[in-house]
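Here's the structure we're looking at; comments come further down.
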There are 4 protein chains.
Amino acid sequence: MTAPASPERRRELLNTAAEVFAAQGYNATTVRRIADEAGMLAGSLYYHFDSKESMLDEILSTFLTELWDGYDAVLAAGLGPRGTIEALVTESFREIDRHRAAVAIYQKEARHLADQPRFGYLADSQQKFEKAWLGTLERGVADGVFRADLDVRLTYRFVRDTVWVAASWYRPGGLHSPEEIAGQYLSMVLDGIAERG
Amino acid sequence: MTAPASPERRRELLNTAAEVFAAQGYNATTVRRIADEAGMLAGSLYYHFDSKESMLDEILSTFLTELWDGYDAVLAAGLGPRGTIEALVTESFREIDRHRAAVAIYQKEARHLADQPRFGYLADSQQKFEKAWLGTLERGVADGVFRADLDVRLTYRFVRDTVWVAASWYRPGGLHSPEEIAGQYLSMVLDGIAERG
Amino acid sequence: MTAPASPERRRELLNTAAEVFAAQGYNATTVRRIADEAGMLAGSLYYHFDSKESMLDEILSTFLTELWDGYDAVLAAGLGPRGTIEALVTESFREIDRHRAAVAIYQKEARHLADQPRFGYLADSQQKFEKAWLGTLERGVADGVFRADLDVRLTYRFVRDTVWVAASWYRPGGLHSPEEIAGQYLSMVLDGIAERG
Amino acid sequence: MTAPASPERRRELLNTAAEVFAAQGYNATTVRRIADEAGMLAGSLYYHFDSKESMLDEILSTFLTELWDGYDAVLAAGLGPRGTIEALVTESFREIDRHRAAVAIYQKEARHLADQPRFGYLADSQQKFEKAWLGTLERGVADGVFRADLDVRLTYRFVRDTVWVAASWYRPGGLHSPEEIAGQYLSMVLDGIAERG
DNA sequence: CATGAATGAGGTTTCATTCAT
DNA sequence: AATGAATGAAACCTCATTCAT
């Protein structure tokens, strides 16, 4: 229904919207707030987008598409369990660096959105995600690379959450590069924070 | 001008409200939904509470009060850095077990609520929280109990987040007791998941 | 979703709404106009009804239900073709007398509403309606009661339309009773307006 | 300040607009819908027309002008009451054949438009119309050509409505020519559908 | 002639809240 | 304690219209 409009303008507006959604939450964000931020009137947004929801949809689906581009490349590289985990974590922090707002939105809203048919791809993605991580961890345990006494499922949850929650405090252009943060994080998760006797 | 009403009824209603807030988010939750769940009409809630916000307030402040009862006891026990971290993590998972809904709400809403004067105590709590954890980690590094090459601030963030995000997947009465989860988590964070050569 | 509310209030409000819909057309009628007429604010209508459309729905379905009560009684009475036509016409003008607004709305909006699933019963009714009238006319021709050279389908359309369009000028409590109007109309359709040589 | 533009393009656009107005109702028709149908953008229509209302105006006034050309010719021909009625009915079905969309719009919208000054000519036309038909019927009764027991006013309404409502089901190029339909209709109205004993 | 983008008024709807009963 | 009905502010969205290009 919505006119094609210029792709650059759309992207600008989506960036603005994503920033506000991430800061205030999707529900708490008014369409007028987004329009204010973009220097136009609320109604004018509807020249570019069908609805507030379709902005959210486009933000999330764009993000997931790019995320899986990166993940699929890592998974196809045949790096072995430890290398794969390292690459996935690093890739994740890079995604946070590039799509901070989208990740923050995803983090806050994915659970209840996944129920709606329109956002069914969120559930799909979550399943694919789980399979990738869980499989790698299990292979690592089987190969003797990771500790045998781990509860793999629990470990998966811890790792998954910690990585993504970082989007809530990460600021692009801050002290640490995504690679540095990934390094620190991997160091903690792989080797622990305790000094080894 | 809310009447005193029976404290048990209040608590029941607050539990109901907390459950719905946790499931749908505070903003997305309508007062009518809470009332439905409680078997009454929306207007009737106002006999018990001043406003939707005051329900949220009571849920969060009750939770934080109990949380700090536990934390303060741990911090006063003089357990040493490693023991303190272990006790804090264990205590945290116990709080999640008892106040799952409140923790989930806190996790999702604290950041933007903290700006409002009414919820200033959230910011205070966060600061106290940071001081406790950060201090313990730093002391641990100084004592040679934790690795010297840690970025303490980054580590703090990772640990803090993972513990609390657990509220989003934890189900009381599930397979693992809070203590077991804490054990697994501490094992990962302290010693790492990698098998030691 | 909407509360049950008192049936009398609902009926009052529906009558008000029907009057305005009939006068201005459904689309051109604002919910605020209805509320004004009812002495309340626009939002308050939503305590009683889900939407503007659901008001329309209830108006039309209530009308059709009562219409078919009358029609079915006539059709079951075994009056013969001429008697059936007379009774159907008379019954129709009685319905116009009792549901003038609903008939006028039906007249104006039925065609495009029938496309929407929600108003599928309009199409059903139209089909049943056609079957009843067309069948009676055909039986009349077969029995020699009606002229053999009639284009039955065309006749059906003329008769059907004239009866219902009357809703647009009929005023209850005017000079003519529904029965008188029916009589005049039947006199024209059955015997013609030309003086017989 | 609408430019003159080519008259053919105007006529094309007006035909398109009339078709959509007739199908969906004037109010429910968006300017964008018309533009879509014409293969242009909504704003572009404003090069040709001042406003949506002015399109409606031009459609209706063009139609009425041509209608009265025909009617006036009939009325000036001195055909006698029965002949005049026959000629008016035939002329009417011819107009429906040529201006189906405009007639349908007129039928649906005339009543409420007539209140606006801009569309005052609709009320004028209606009055002239009534005078022509009513006068002919009355003369027919006085001359003994039509039955003396008719309620002339009621008969006028029936006849007027049936003729014009035909626009809602008539499809140009269908089975029956306008003249055939007029014949059938006149047969019914003048002589009745009942077989004469 | 037409496009692309925006305006601004106004529409339907939602919802926290109030209050007489 | 709770109901039923209403309020009023604010939300999302629509759409006729304008105008620089």
Side-chain angles (χ1 to χ4, degrees), chain A residues 1-6 9-10 13 27-35 38-55, chain B residues 1-6 9 13 27-35 38-55, chain C residues 1 3-6 9-10 13 27-35 38-55, chain D residues 1-3 5-6 9 13 27-35 38-55:
Chain A
M1 298 290 148
T2 298
S6 90
R9 191 78 178 103
R10 279 180 83 85
L13 292 172
N27 275 294
T29 297
T30 71
V31 135
R32 198 165 82 200
R33 180 67 203 284
I34 299 171
M40 55 180 9
L41 293 181
S44 308
L45 281 173
Y46 290 81
Y47 178 75
H48 301 277
F49 304 99
D50 277 332
S51 64
K52 183 184 164 187
E53 198 183 72
S54 82
M55 292 188 228
Chain B
M1 303 313 137
T2 296
S6 87
R9 191 82 176 101
L13 293 172
N27 274 293
T29 297
T30 70
V31 147
R32 189 158 105 194
R33 179 67 205 283
I34 300 171
M40 53 180 15
L41 293 182
S44 309
L45 281 173
Y46 289 78
Y47 179 79
H48 301 278
F49 304 98
D50 279 332
S51 67
K52 182 184 167 188
E53 199 182 71
S54 82
M55 291 187 230
Chain C
M1 298 291 149
S6 91
R9 192 80 177 102
R10 279 180 83 85
L13 293 171
N27 274 295
T29 297
T30 71
V31 134
R32 200 167 79 200
R33 179 68 203 283
I34 300 171
M40 55 181 8
L41 293 181
S44 308
L45 281 172
Y46 289 81
Y47 178 76
H48 300 277
F49 305 99
D50 277 334
S51 65
K52 183 184 165 188
E53 197 183 73
S54 83
M55 293 188 227
Chain D
M1 302 315 137
T2 295
S6 88
R9 192 81 178 98
L13 293 173
N27 273 294
T29 297
T30 69
V31 148
R32 189 158 104 194
R33 179 67 204 283
I34 300 171
M40 53 179 17
L41 292 183
S44 309
L45 281 172
Y46 288 79
Y47 178 80
H48 300 277
F49 304 99
D50 279 332
S51 65
K52 181 184 167 188
E53 198 181 71
S54 82
M55 291 186 230

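In what follows, every chain begins at residue 1, and chains take the letters A, B, ... in the order their sequences are listed. These numbers come from the heavy atoms of this one structure, side chains and all, not from hydrogens, waters or symmetry mates.
Put simply, CE on A:Met40 is 19 Å from P on F:dT18, counting in whole angstrom units. One interatomic measurement links the two molecules: CG of C:Leu13 to C1' of F:dA6, which rounds to 12 Å at whole-angstrom precision. Following rounding to the nearest Å, A:Arg32 (CZ) and E:dA6 (C1') show an atom-to-atom distance of 17 Å. Rounded to whole angstrom, the span from the CG atom of B:Leu45 across to the P atom of F:dA1 amounts to 13 Å. The distance from atom CG of C:Asp50 to atom C1' of E:dC15 is 14 Å, rounded to the nearest whole Å. Between D:Asn27 atom CG and E:dG10 atom P the separation is 15 Å, expressed in whole Å.
Shown here for C:Tyr46 and C:Lys52, the closest heavy-atom pair between the two residues is OH-N, 4.2 Å. Minimum heavy-atom separation, A:Ala38 to A:Arg9: O-NH2, 4.2 Å. Across all their heavy atoms, A:Ser44 and A:Met40 have their closest contact at CB-CE, 3.8 Å.
Within the structure, every side-chain polar atom (N or O) of D:Thr30 is placed at least 4.0 Å from both OP1 and OP2 of F:dC15. For C:Tyr47 and F:dA6, the shortest distance from a side-chain N or O to OP1 or OP2 is not below 4.0 Å. Applying the 4.0 Å criterion to OP1 and OP2 of F:dT3, one finds that B:Ser44 has a side-chain N or O inside that range. Put simply, A:Tyr46 has no side-chain N or O that comes within less than 4.0 Å of OP1 or OP2 on F:dT14. Dashed line: the shortest gap from a side-chain N or O of B:Ser51 to OP1 or OP2 of E:dA16 is not under 4.0 Å. In this structure, B:His48 reaches the F:dA2 phosphate: one of its side-chain N or O atoms is under 4.0 Å from OP1 or OP2. Under 4.0 angstrom from either OP1 or OP2 of E:dT12 there lies no side-chain N or O belonging to C:Arg33. Dashed line: the shortest gap from a side-chain N or O of A:Arg9 to OP1 or OP2 of E:dA6 is under 4.0 Å.
The 5' end of DNA chain F is approached more closely, in terms of each residue's nearest nucleotide, by B:Gly43 than by the other of A:Gly43 and B:Gly43. Where D:Leu41 and B:Ala42 each meet DNA chain E at their nearest nucleotide, the meeting point lying more 5' is that of D:Leu41.
Residue B:Ser54 is out of contact with every strand shown, counting any heavy-atom pair closer than 4.0 Å.
If you check E:dA16, E:dT13, E:dG8 against the side chain of B:Lys52, the one that comes closest is E:dA16.
Atoms OG and CG, on A:Ser51 and A:Leu45 in that order, are 11.0 Å from each other to the nearest 0.5 Å.
Under the Watson-Crick or G-U wobble criterion, with both distances below 3.5 Å, F:dC13 is paired with E:dG10. Under the Watson-Crick and G-U wobble criteria, each requiring two contacts below 3.5 Å, nucleotide F:dT21 is paired to E:dA2.
Annotation: F:dT21 and E:dC1 have their P atoms spaced 22 Å apart (nearest Å).
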